[in-house]
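Okay, so here's the structure we're looking at.
Here is how names work: the chains are called A, B, and so on, in the same order as the sequence lines, proteins then strands, and each is numbered from 1. Computed from heavy atoms alone, side chains included, the values below leave out hydrogens, waters and symmetry copies. Quantities reported herein were computed from a predicted structural model and do not represent experimental measurements.
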2 protein chains.
Amino acid sequence: MELLEGKEKFIQAWGALGSNWGVNRTMAQIHALLLLSPESLSAENIMEELKISRGNANMNIRALIDWRLVYKELKPGERKEYFVAEKDLWEVVKQIIIQRKKKELEPMIKVLDEISSVEGDDIATEEFVKMVREIKLFSSKADSTLDTLVKADSNWFVGTFLKMIR
Amino acid sequence: MELLEGKEKFIQAWGALGSNWGVNRTMAQIHALLLLSPESLSAENIMEELKISRGNANMNIRALIDWRLVYKELKPGERKEYFVAEKDLWEVVKQIIIQRKKKELEPMIKVLDEISSVEGDDIATEEFVKMVREIKLFSSKADSTLDTLVKADSNWFVGTFLKMIR
DNA sequence: CTGTACTTTCAGAAATAAATGAAAGCAAAT
DNA sequence: ATTTGCTTTCATTTATTTCTGAAAGTACAG
């Protein structure tokens, strides 16, 4: 296989994967391109390689920076901005967990808290409250487990955990 | 808060959560409704409660069954089909992991295998292959870790794991 | 201050995903 | 063999998300 073909395939695949992970296709493709690129790339470079518009490139680069999956790099003497991907995949996964936990899990827990104060003395209400409490308990556990996971370092994760769990 | 209002809020929140997890909004709402419902519901019931069309209800119930998050229940003497949600949340999470791993992670690993055979003796190719191998290694580790996780039982997970990890 | 080299914004266009509802399928009941 | 009660399909419509490109913004250089 040719290098160019391989690169192309990787970008496609990473894009498809990302689009199921709260990261849109283009965002993931930019990340893929940067992952494969040993040197940093400019917005211009990215637009050309992925054949996307300036606006699209800009918006998604910024989003990647917000997610801390990409960093800005300023070359001395140059006005243009360059970008580098976070290449430590464990760091990438961690960031995604952190972001999505904040955006999804935490609001859910808040709602569960609110609705567990439903009042009424009938069976239906009791059952509802019981279920909600159960879900709340599970979510809280998931939340703290993820916190711990995120604090754990990469080597620990891939090494020790795997052994322990077997 | 009123029972009805609480129910409504939960369905909304679960729908929003689901829509970020490869489960579309309506699918997640149906699941939420069934989670809250101590008895099984018919397609008709679901259509009414969520105010959705027959086709929509049917398609999403089907999908939930495919994901093993909902089961069919046939009441003796009745022609109509009834549905119940999987209520063990750890089971729900497990199913989602299993399905998404199959649909996303495994194809990614396949692509990584393919493209790690890129040929060429220049620096660029070498760097490409190195990066791809690294990603492949990480993905395979994630894959087997998830396998192990899925095999572990709920109590072990929420209990022992949490203690161990601290 | 003015030009230059960039980055950011955003209204509208295009692409994609999801929902509708009527028609077709299916199988138990008569 | 036909009706009846329900499920499934799918072409069309509707909603949502993403992308474009031109215009506006920013800031350094001369």
Sub-4.5 Å side-chain heavy-atom contact between [X] and [Y]:
| X | Y | value |
| --- | --- | --- |
| A:Phe83 | A:His31 | no |
| B:Arg54 | B:Glu44 | yes |
| A:Leu35 | B:Ile135 | yes |

Rounded to whole Å, please give me the gap between [atom1] in [X] and [atom2] in [N].
| X | N | atom1 | atom2 | answer |
| --- | --- | --- | --- | --- |
| A:Lys72 | C:dT8 | NZ | C1' | 10 Å |
| A:Leu41 | C:dT7 | CG | P | 13 Å |
| A:Leu64 | C:dT8 | CG | P | 13 Å |
| B:Leu50 | C:dT20 | CG | C1' | 15 Å |
| A:Lys75 | C:dA5 | NZ | C1' | 17 Å |
| A:Asn24 | C:dA15 | CG | P | 16 Å |
| A:Asn60 | C:dT7 | CG | C1' | 15 Å |
| B:Leu74 | C:dA28 | CG | P | 11 Å |

Looking for any heavy atom pair under 4.0 Å, which part of the strands does A:Glu44 touch: base, sugar-phosphate only, or nothing?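 Nothing, no heavy atom under 4.0 Å.
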How do A:Tyr82 and B:Lys51 order along DNA chain C: which one's closest nucleotide is nearer the 5' end?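 Here A:Tyr82 is the residue nearer the 5' end.
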With A:Asp121 via side chain to side chain donor-acceptor pair (under 3.5 Å) - residues at least two apart: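 So A:Asp121 forms no side chain to side chain donor-acceptor pair (under 3.5 Å) with any residue.
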Take nucleotides 9-14 of chain C nucleotide by nucleotide from the 5' end and write B, S or -, depending on whether a protein heavy atom sits under 4.0 Å from the base, only from the sugar-phosphate, or from neither. B-----
Contact boundaries on DNA chain D for chain A, cut-off under 4.0 Å to non-hydrogen atoms: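 Taking any atom under 4.0 Å from a heavy atom of chain A, the span is D:dT18 to D:dA29.
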Can you tell me if A:Lys103 has over 12 outside heavy atoms packed within less than 6.0 Å of its NZ?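 Atom NZ in A:Lys103 is crowded, with more than 12 foreign heavy atoms closer than 6.0 Å.
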Give a yes or no on whether A:Glu2 atom CD has more than 12 heavy-atom contacts from other residues, nucleotides or ligands under 6.0 Å away.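 No, not enclosed.
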Which sits closer to the 5' end of DNA chain D, A:Arg25 or A:Arg79, going by the nucleotide each is nearest to?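 Result of the comparison: A:Arg25.
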[X] side chain vs [Y] backbone, donor-acceptor pair below 3.5 Å:
| X | Y | result |
| --- | --- | --- |
| A:Ser37 | A:Leu33 | no |
| A:Ser117 | A:Asp113 | no |
| B:Ser42 | B:Asn45 | yes |

